[in-house]
Amino acid sequence: MSDYLPSLSALRAFEAAARHLSMTLAAKELNVTPGAVSLQIRDLEASLGVKLFERKTRALALTVEGADYFSTLRAAFRLVREATAAITARGRGTVLNVTCTAGFATYWLVPRLGRFEAMHPEIDVRISASHRVLDFQRDGIDLAIRHGLGGYDGLISERLVDDELVPVCTPKLAAELGSNPSPGALAGFQLIHDVYRHDWQLWLEAAGATGVDPSRGPIFMHGNGAYDAMKAGLGFALMRRSFLERDLKEGAVITPFPLGIASRLAFHLVYPGPALERPAAAAFRRWLLTEAQA
């Protein structure tokens, strides 16, 4: 593959002429003469060894090769414009890129985010909700919220939200349990698991429940799936207490057993040291820590 690249001015001239199908309109857009546009395109055709336009009386049409080239260039110029707009906005400190798991975004961050936006309407927070660990520099990430023990080489890590798992169910299932149920009553209901299947066994042991099989019930690879199945009335799920604020307040779910089991794992705010030199990142960090303490 050749490393040759035509001049940017020639490519801009061709892209504008192909978009307008007019040398005159392209020249007006680029603030040059039609003759200059035509010369740039002829030089481009000569360097590529390909005819890009069919020149007819009072008409301009792309050749097959020209149409293919224009399609690719149009996409490339769009990407350049988008990248330029993004980095310009970042330079002004108005865009903040945050990554976290989908569950944390759905159940903890998004329900609270309006409070930050009210405080800082000038900051555009962009959330990448994914279980994939992104790279700060390569992916343009400012701050990350990661689930684990909190040790990340070369990065600062601040504990945000502890893991405390409690059983939850719909109000209908809670009514079927009756008042002041014993943990052993779960033997008559389906247990819903996420990928950490052993959690139910740990909770049942801590609660002193007998006669309940912790291995039965469907498994969902992510907590969102288990929670959605619980809200559909399929059974009981173990959920992080910190994720329940909105649904508990709205009465969408019930925690019939007050006991929770703690974990060494937690959600941590993670970032490289220089990240807080950006005022937007520093403001978001302060707000996150305040929300987590509350």
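What you are looking at is a predicted structure, and each value in this text was computed from that prediction instead of being measured.
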Any pair counted as side chain to side chain donor-acceptor pair (under 3.5 Å), so long as it reaches residues 30-46, sequence neighbours left out: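 Side chain to side chain donor-acceptor pair (under 3.5 Å) check on residues 30-46 returns Ser9-Gln40, Glu45-Arg55.
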
Side chain to side chain donor-acceptor pair (under 3.5 Å) contacts in which one or both residues fall within residues 160-175, not counting sequence neighbours: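 Sorted result for residues 160-175: His147-Asp163, Arg159-Asp162, Asp163-Arg240, Glu164-Arg241.
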
From CA spacing to verdict: ring-ring contact (aromatic ring centres under 6.0 Å, His included), Phe243, Tyr227: CA-CA 10 Å; Phe243 284 10; Tyr227 196 58; 8.5 Å; no

[X] versus [Y], closest heavy-atom pair with distance:
X: Asp213; Y: Leu191; value: O-CD1, 3.7 Å
X: Ile141; Y: Leu143; value: CG2-O, 3.3 Å
X: Pro34; Y: Thr24; value: CG-CA, 4.2 Å
X: Gly235; Y: Met230; value: O-CG, 3.4 Å
X: Val95; Y: Asp142; value: O-OD2, 4.0 Å
X: Pro167; Y: Pro256; value: O-CD, 3.7 Å

Calculate, to the nearest 0.5 Å, the distance between atoms [atom1] and [atom2] belonging to [X] and [Y] respectively.
X: Leu25; Y: Leu30; atom1: CG; atom2: CG; answer: 11.0 Å
X: Asp139; Y: Asn97; atom1: CG; atom2: CG; answer: 9.5 Å
X: Leu244; Y: Met239; atom1: CG; atom2: CE; answer: 6.0 Å
X: Phe104; Y: Ile145; atom1: CZ; atom2: CD1; answer: 4.5 Å
X: His198; Y: His193; atom1: NE2; atom2: NE2; answer: 12.0 Å
X: Asp194; Y: Ile219; atom1: CG; atom2: CD1; answer: 9.5 Å

For [X], give me all partners under ring pair (Phe, Tyr, Trp, His ring centres under 6.0 Å), at least two apart in sequence or on another chain.
X: His268; answer: none
X: Phe136; answer: none
X: Phe70; answer: none
X: Tyr271; answer: none

With sequence neighbours left out, what residues match [X] under side-chain hydrogen bond (donor to acceptor under 3.5 Å, both in side chains)?
X: Glu15; answer: Arg19
X: Arg74; answer: none
X: Lys28; answer: none

Side-chain contact, heavy-atom cut-off 4.5 Å: [X] with [Y]?
X: Phe284; Y: Ile123; answer: no
X: Thr101; Y: Tyr107; answer: no
X: Val50; Y: Tyr69; answer: no
X: Leu165; Y: Trp203; answer: no

CA sep, side-chain torsions, deciding dist, call: Leu109, Leu288, side-chain contact (heavy atoms from CB on, under 4.5 Å): CA-CA 9 Å; Leu109 183 56; Leu288 274 177; 4.1 Å; yes

Test side-chain contact (heavy atoms from CB on, under 4.5 Å) applied to Ile254 and Leu173, step by step: CA-CA 9 Å; Ile254 302 291; Leu173 282 186; over 6 Å; no

Closer than 3.5 angstrom, by distance alone: can the side chain of [X] be matched with the main-chain N or O of [Y] as a donor-acceptor pair?
X: Thr99; Y: Ser128; result: yes
X: Thr290; Y: Arg286; result: yes
X: Ser242; Y: Val161; result: no
X: Trp200; Y: Ala237; result: no

Chi angles and distances behind the side-chain contact (heavy atoms from CB on, under 4.5 Å) call for Leu265, Leu149: CA-CA 5 Å; Leu265 304 178; Leu149 295 173; 3.7 Å; yes

Counting only pairs under 3.5 Å, give me each side-chain donor-acceptor contact of residues 178-190, with atom names and distances, residues two or more places apart or in other chains.
{"from": "Gln190", "atom 1": "NE2", "to": "Leu234", "atom 2": "O", "distance (Å)": "3.0"}

Check against side-chain contact (heavy atoms from CB on, under 4.5 Å), Phe53 and Leu62: CA-CA 4 Å; Phe53 286 105; Leu62 286 163; 3.4 Å; yes

Atom pairs and distances, donor-acceptor, side-chain atoms in residues 111-120, under 3.5 Å, two or more places apart:
{"from": "Arg112", "atom 1": "NH1", "to": "Trp108", "atom 2": "O", "distance (Å)": "2.9"}
{"from": "Arg112", "atom 1": "NH2", "to": "Glu245", "atom 2": "OE1", "distance (Å)": "2.5"}
{"from": "Arg115", "atom 1": "NE", "to": "Glu291", "atom 2": "OE2", "distance (Å)": "3.0"}
{"from": "Arg115", "atom 1": "NH2", "to": "Glu291", "atom 2": "OE1", "distance (Å)": "2.8"}
{"from": "His120", "atom 1": "ND1", "to": "Glu122", "atom 2": "OE2", "distance (Å)": "3.4"}

Residue list, salt bridge (charged side-chain N to carboxylate O under 4.0 Å, His left out) with Glu158, at least two apart or on another chain: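 Partners of Glu158 under the salt bridge (charged side-chain N to carboxylate O under 4.0 Å, His left out) test: Arg285.
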
